[in-house]
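In what follows, every heavy atom counts, from backbone to side chain, and hydrogens, waters and symmetry copies are set aside. For the single chain, residues carry numbers from 1 onward in sequence order.
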Amino acid sequence: MAGRFAPRPPRTPVRAREAAVPRQAPAPGRVRVWVPDGPLELGLVLGPLRRGPGDPTYRTTPDGSVWRASRTPAGPGTLRVTARGGEVRGEAWGPGAEWLLEQLPRLLGADDDPSAFVPRHRLLAHTAHRRPGLRLTRTGLVLESLIPSILEQKVTTLEAYQAWRLLVRKYGEPAPGPAPARMSVMPAARTWALIPSWEWHLAGVDDKRASTILRAVRVAARLEEAAGMEPAAAQERLELVPGIGPWTSAETVQRSHGAADAVTVGDLHLPGIVGFALGGDRYADDSVMLRLLEPYAGQRHRAARLVLLSGRVPERRAPRMAPRGIERL
């Protein structure tokens with residue numbers, strides 16, 4: 001028996017084994033340097049792409065860099081953007097690196113024309129002068145803006161952000177390259193389609209929103225084609241999917257197309273904020289908001305962004321809407 005069983009080698013603790021294998025330094029990323037033709041403030045331009053403070057696809061670091069993890073037509077990729085001394089440096093990793101760097105100027109508003117905005121209200125003129133680095137981003141990706149917009153339908157932002165965070169972290173994949181900890185690329189369309197019903201429930205997503213996402217990812221290729229359309233035509237295509245209406249399509253093309261005129265209608269708070277800032281009417285509805293924004297035809301989304309940046313919002317007169325917490329049912 002002694003000859004049949006050789007003695008086992010002594011066991012090495014897990015930590016010791018990990019320490020014994022030297023970690024390889026991450027491969028250097030592809031780099032592109034771009035010089036914008038005017039002021040540029042990264043936080044203002046890329047901020048709308050962030051879905052809450054815990055968004056796994058978006059991160060800011062103390063050195064001022066913005067990190068994004070995206071699922072591009074070429075595959076997953078990570079992009080790090082830094083602005084210094086009038087120029088922007090982009091560094092990317094993963095199969096989608098080249099695509100991300102090619103799109104970098106559009107992402108930072110190269111297709112946007114801030115000079116087309118002519119302020120008709122003193123408040124907006126002052127805000128535009130105070131925040132000259134505002135440009136409208138254009139990601140060129142539809143699903144990555146559409147899915148979180150669907151999750152935000154008729155719920156509190158806290159519920160929507162939590163659902164996005166939980167689902168992306170569980171079903172996404174780690175961001176390529178030396179991305180900050182716990183950054184993830186959102187799931188592929190097929191992965192979204194295979195998420196079990198109980199996982200939607202545990203993430204706090206009701207059947208209506210989950211069903212809308214499932215219908216959207218079944219025609220993902222056709223929806224992504226809308227990135228090459230004019231914003232109005234893209235909205236029409238998106239709204240062919242049951243469950244996607246004007247609110248969701250506007251929120252999507254504002255990011256995917258940099259649509260300067262795609263004003264959000266059907267929002268719970270925006271009409272009152274715009275009505276109060278431009279007309280002193282805190283109880284304004286969509287019709288009043290659209291009338292106040294008529295002088296900015298072609299630039300109504302930019303006008304609404306400037307209203308929000310102005311800080312002139314009505315005082316809250318009721319408690320915040322409480323999250324429903326359907327995952328506890």
Side-chain angles (χ1 to χ4, degrees), residues 29-53 55 57-70 72 77-93 96-119 123-141 144-145 175 177 179-180 183 227 231 250-264 296 298-311:
R30 298 176 182 271
V31 176
R32 178 176 182 178
V33 176
W34 176 67
V35 179
D37 59 2
L40 179 69
E41 190 172 338
L42 285 182
L44 284 183
V45 179
L46 299 179
L49 304 179
R50 183 191 190 200
R51 305 290 182 158
D55 186 349
T57 69
Y58 187 104
R59 196 70 52 84
T60 57
T61 50
D63 64 354
S65 299
V66 175
W67 292 76
R68 291 194 69 239
S70 298
T72 76
T78 303
L79 176 68
R80 176 179 182 255
V81 186
T82 309
R84 294 283 188 277
E87 69 177 23
V88 175
R89 185 178 189 269
E91 191 172 6
W93 297 264
E98 284 193 23
W99 191 93
L100 288 170
L101 293 179
E102 181 182 350
Q103 296 291 321
L104 179 64
R106 296 183 183 90
L107 180 71
L108 298 178
D111 292 345
D112 185 35
D113 183 13
S115 65
F117 179 78
V118 180
L123 176 70
L124 299 192
H126 176 71
T127 306
H129 177 75
R130 186 168 52 90
R131 308 302 294 268
L134 171 64
R135 295 196 178 204
L136 302 181
T137 184
R138 179 175 183 173
T139 65
L141 299 169
E144 78 165 20
S145 294
M183 282 198 73
E251 289 286 313
T252 300
V253 300
Q254 287 168 7
R255 297 165 173 84
S256 61
H257 290 68
D261 196 47
V263 61
T264 304
Y296 303 105
Q299 295 285 316
R300 293 179 298 174
H301 170 51
R302 189 191 308 276
R305 283 287 309 275
L306 289 170
V307 167
L308 295 173
L309 289 173
S310 72

Please step through side-chain contact (heavy atoms from CB on, under 4.5 Å) for the pair Leu108 and Thr137, ending with a clear verdict.
CA-CA 5 Å; Leu108 298 178; Thr137 184; over 6 Å; no

Could you go through the side-chain contact (heavy atoms from CB on, under 4.5 Å) check for Arg80 and Trp93 one step at a time?
CA-CA 9 Å; Arg80 176 179 182 255; Trp93 297 264; 4.0 Å; yes

In sequence, state the C-alpha distance, the side-chain angles, and the governing distance for Arg32 and Leu100, and then conclude on side-chain contact (heavy atoms from CB on, under 4.5 Å).
CA-CA 10 Å; Arg32 178 176 182 178; Leu100 288 170; over 6 Å; no

Start with the C-alpha distance between Leu49 and Arg68, add both sets of side-chain angles, then the distance that settles side-chain contact (heavy atoms from CB on, under 4.5 Å), and finish with yes or no.
CA-CA 9 Å; Leu49 304 179; Arg68 291 194 69 239; 3.4 Å; yes

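Not a single ring-ring contact (aromatic ring centres under 6.0 Å, His included) links Trp34 to another residue, sequence neighbours left out. Not a single salt bridge (charged side-chain N to carboxylate O under 4.0 Å, His left out) links Glu102 to another residue, sequence neighbours left out. Applying the ring-ring contact (aromatic ring centres under 6.0 Å, His included) rule to Phe117 yields the partners Tyr296; only residues at least two apart in sequence or on another chain are considered. In this view, Glu98 and Arg30 satisfy the side chain to side chain donor-acceptor pair (under 3.5 Å) rule, not counting sequence neighbours. Qualifying salt bridge (charged side-chain N to carboxylate O under 4.0 Å, His left out) partners for Asp113, counting only residues two or more places apart in sequence or in other chains: none.
At a threshold of 4.5 Å between non-hydrogen side-chain atoms, the residues Val307 and Leu124 count as touching.
Defined by atom type and a distance below 3.5 Å, a donor-acceptor pair is present between the side-chain atoms of Gln254 and Thr264.
Distance check, rounded to the nearest 0.5 Å: OG1 of Thr61 to CH2 of Trp67 gives 7.0 Å. The CG atom of Leu309 sits 5.5 Å away from the CG atom of Leu44 when rounded to the nearest 0.5 Å. From Thr82, atom OG1 reaches atom CG of Leu42 across 7.5 Å, with rounding to the nearest 0.5 Å. Distance check: Leu79 CG to Leu107 CG gives 6.5 Å after rounding to the nearest 0.5 Å. Between atom CD of residue Gln299 and atom OG of residue Ser115 there is a gap of 8.5 Å, rounded to the nearest 0.5 Å. Atom-to-atom distance recorded for Arg300:CZ and Asp261:CG is 4.0 Å, nearest 0.5 angstrom.
Listed for the Arg59 side chain is no donor-acceptor partner under 3.5 Å among the backbone atoms of Pro180. For Thr139 (side chain) and Leu141 (main-chain N/O), a donor-acceptor pair under 3.5 Å exists by modelled atom type. Checking side-chain atoms of Thr127 against main-chain N and O of Leu123 turns up a donor-acceptor pair under 3.5 Å.
None of Arg302, Arg106, Arg305 except one satisfies the salt bridge (Lys or Arg N to Asp or Glu O under 4.0 Å) rule with Asp112; the exception is Arg302.
Listed here is the closest heavy atom pair of Asp111 and Arg138: OD2-NH1, 3.5 Å. Residues Ala227 and Gly140 come closest through the heavy atom pair CB-O, 3.5 Å. Closest non-hydrogen pair, Val253 versus Ala262, comes out as CG2-CB, 3.7 Å. Pairing each heavy atom of Gly86 with each of Pro36, the nearest pair is O-CD, 3.5 Å. Between Ala175 and Thr78, the shortest heavy-atom contact is CB-OG1, 3.3 Å. Here the closest non-hydrogen pair linking Pro114 and Arg135 is CG-CG, 4.4 Å.
Remark: Glu144 does not engage Arg51 in a salt bridge, criterion side-chain N to carboxylate O under 4.0 Å. A salt bridge is defined here as a Lys NZ or Arg NE, NH1 or NH2 lying under 4.0 Å from an Asp or Glu carboxylate O, and Arg89 with Glu87 fails to meet this definition.
Legend: side chain to side chain donor-acceptor pair (under 3.5 Å) pairs involving residues 39-50, not counting sequence neighbours, sorted by first then second residue: Glu41-Arg131.
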